[in-house]
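Each remark here refers to the structure printed beneath this line.
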Amino acid sequence: MWLAVLLFDMDPASSPSTGIDRDHRSYQYYRTEVDRHWDPADVDLSADVEALLDAPEPALDGLRGALAKFGAGEQSVTADLAPLAVVLDTIEDQSFIATQLYEEAKHADFFDRYWRDVITPVERERGLELTSPTDEQWFDPDYDELFERQETYLDALLTDDSPRARARAFSVYHLVVEGIFARTGYHGLQTVYGDEIDGTPTLPGLVEGIRLIQGDEGRHVGFGVSKLRDLVHEEGVDPDLLSDTVGELAMLVQGSLADSMDQDAEDPSADVDVDLVGYAMEKHAERMEEITATDV
């Protein structure tokens, strides 16, 4: 009799809820971060220093401009995400947002470390003027406007936590800044500074760091897509709101990328055939199809 009672109590199906839905998508994203944790300090950057000591100065300038933009962008997304942690009220969503904040801080830490441990030593060894990733020379008006819009749309949630406001916030943060700007740019950097292209320095530390960052941001974008899907199918948000928001902000992304290419005209990496626009549009179309599909 007692054995039967004990076995019944050990049956998971008979146990009371603990308050956390472990099958929830957000919780699964949270658990993936726990399982795949990485430390920016563990990425070996020594080969990158050696490779950049002999790199043409235009190539070094192009790399510094890209690193500055991505480093500042990671700092911005770390600072701007907090309103979502305030308005999302389930433990599964809060668990995921807690890990996303942590991961964004890690990404910012990686780029800061790269500048300190690679760029600055290379500048010293080459007798160049020391630069900072916060110098205004690296940023253009479209870049500044994009991240100002992100801050505005996320902060709006604190006074207007409506489905439309959430849709705009997820669209700018997860679809545009992470889904188009960051992931497209990282794809380009991996292509240019990998070991398959002649004429550009091979930077294995940078490529490895970006690989790890992209693993995190794949979950971030997936989370945003799932939330936008819920808003469209359960809250009645018009998909055109998402398309209009993305279309408007994508112009700023395009303008910032064009500015970078104009500044890097003498950089040999600028001649590398990387179809970033095509890559970005293909990935965005896939996400919008997932958001609006009715049979998922």
Side-chain angles (χ1 to χ4, degrees), residues 58-81 104 107-108 110-112 114-115 119 131-155 168-193 200 206 209-210 213-214 217 220-221 224 242-285 287-288:
L60 180 59
D61 283 342
L63 175 63
R64 288 187 293 188
L67 293 173
K69 282 187 174 181
F70 288 117
E74 294 292 356
Q75 291 187 37
S76 293
V77 294
T78 304
D80 293 344
L81 185 62
E104 303 293 15
H107 303 170
F110 173 77
F111 284 108
D112 180 80
Y114 199 92
W115 204 282
I119 299 301
T131 61
S132 166
T134 63
D135 289 345
E136 289 298 322
Q137 63 175 311
W138 311 122
F139 308 105
D140 56 83
D142 286 321
Y143 178 93
D144 292 337
E145 177 66 18
L146 174 63
F147 284 95
E148 287 174 7
R149 297 282 191 91
Q150 175 181 264
E151 181 180 11
T152 298
Y153 288 169
L154 269 293
D155 284 352
R168 284 192 293 268
F170 284 119
S171 291
V172 64
Y173 192 109
H174 294 88
L175 291 187
V176 177
V177 172
E178 288 204 312
I180 296 179
F181 187 80
R183 288 181 66 80
T184 301
Y186 289 149
H187 172 70
L189 288 177
Q190 284 183 306
T191 302
V192 170
Y193 298 110
T200 61
L206 179 63
I210 289 174
I213 290 171
Q214 283 192 308
E217 293 195 340
H220 302 173
V221 174
L242 281 56
S243 298
D244 292 345
T245 302
V246 170
E248 178 183 349
L249 298 173
M251 296 298 294
L252 298 175
V253 174
Q254 183 177 0
S256 183
L257 291 176
D259 181 86
S260 296
M261 288 187 288
D262 288 343
Q263 291 183 4
D264 301 343
E266 299 180 21
D267 178 359
S269 68
D271 294 330
V272 176
D273 183 17
V274 183
D275 184 12
L276 295 183
V277 175
Y279 177 85
M281 292 303 99
E282 178 184 350
K283 295 301 179 184
H284 175 64
R287 294 177 195 124
M288 287 300 299

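Values reported hereafter were calculated over all heavy atoms of this structure, with side chains retained and with hydrogens, waters and symmetry mates removed.
In this structure, CG in Leu154 is found 11.0 Å from OG in Ser76, a value given to the nearest 0.5 Å. Taken from CZ in Phe110 to CD in Glu74, the straight-line distance is 10.5 Å, to the nearest 0.5 Å. Note that the OH atom of Tyr114 and the CG atom of Leu206 stand 4.5 Å from one another [nearest 0.5 Å]. Rounding to the nearest 0.5 Å gives a distance of 5.0 Å between CD of Glu217 and OH of Tyr186. Rounding to the nearest 0.5 angstrom, the gap separating the CD atom in Gln214 from the CG atom in Leu189 is 9.0 Å. Rounding to the nearest 0.5 Å places CD of Glu145 at 11.0 Å from CG of Asp140.
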Donor-acceptor list for residues 172-182 side chains, cut-off 3.5 Å, not counting sequence neighbours:
from	atom 1	to	atom 2	distance (Å)
Tyr173	OH	Val77	O	3.1
Tyr173	OH	Glu104	OE2	3.0
Glu178	OE2	His220	ND1	3.1

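Side-chain contact between Phe111 and Gln75: absent, with no pair of heavy atoms (C-beta onward) separated by less than 4.5 Å. Here the side chains of Thr134 and Phe139 are not in contact, with every heavy-atom distance at 4.5 Å or above. Here the side chains of Ser132 and Asp135 are in contact, with some heavy-atom distance below 4.5 Å. In this structure, Gln150 and Leu146 have side chains that are not in contact, with every pair of non-hydrogen atoms separated by 4.5 Å or more. Inter-residue side-chain proximity for Ile210 and Tyr193 is flagged as unmet; no heavy-atom pair is nearer than 4.5 Å.
For the pair Thr200 (side chain) and Val192 (backbone), a donor-acceptor distance under 3.5 Å is present. Side chain of Trp138 to main chain of Leu67: no donor-acceptor pair is present (N/O by atom type, distance under 3.5 Å, no hydrogens or angles).
By the salt bridge (Lys or Arg N to Asp or Glu O under 4.0 Å) test, Glu248 pairs with Arg149, sequence neighbours left out.
Closest of all the heavy-atom pairs between Asp142 and Ser256 is CB-N, 3.7 Å. Taking all atoms of both residues into account, the shortest heavy-atom contact from Tyr153 to Ala169 is O-CB, 3.9 Å. Of all heavy-atom pairs between Ala68 and Pro133, the closest is CB-O, 3.5 Å.
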Ser243/Met288 under side chain to side chain contact (heavy atoms under 4.5 Å, CB included): CA gap, chis, key distance, verdict: CA-CA 8 Å; Ser243 298; Met288 287 300 299; 3.6 Å; yes

Stepwise side chain to side chain contact (heavy atoms under 4.5 Å, CB included) check, His107 with Phe70: CA-CA 9 Å; His107 303 170; Phe70 288 117; over 6 Å; no

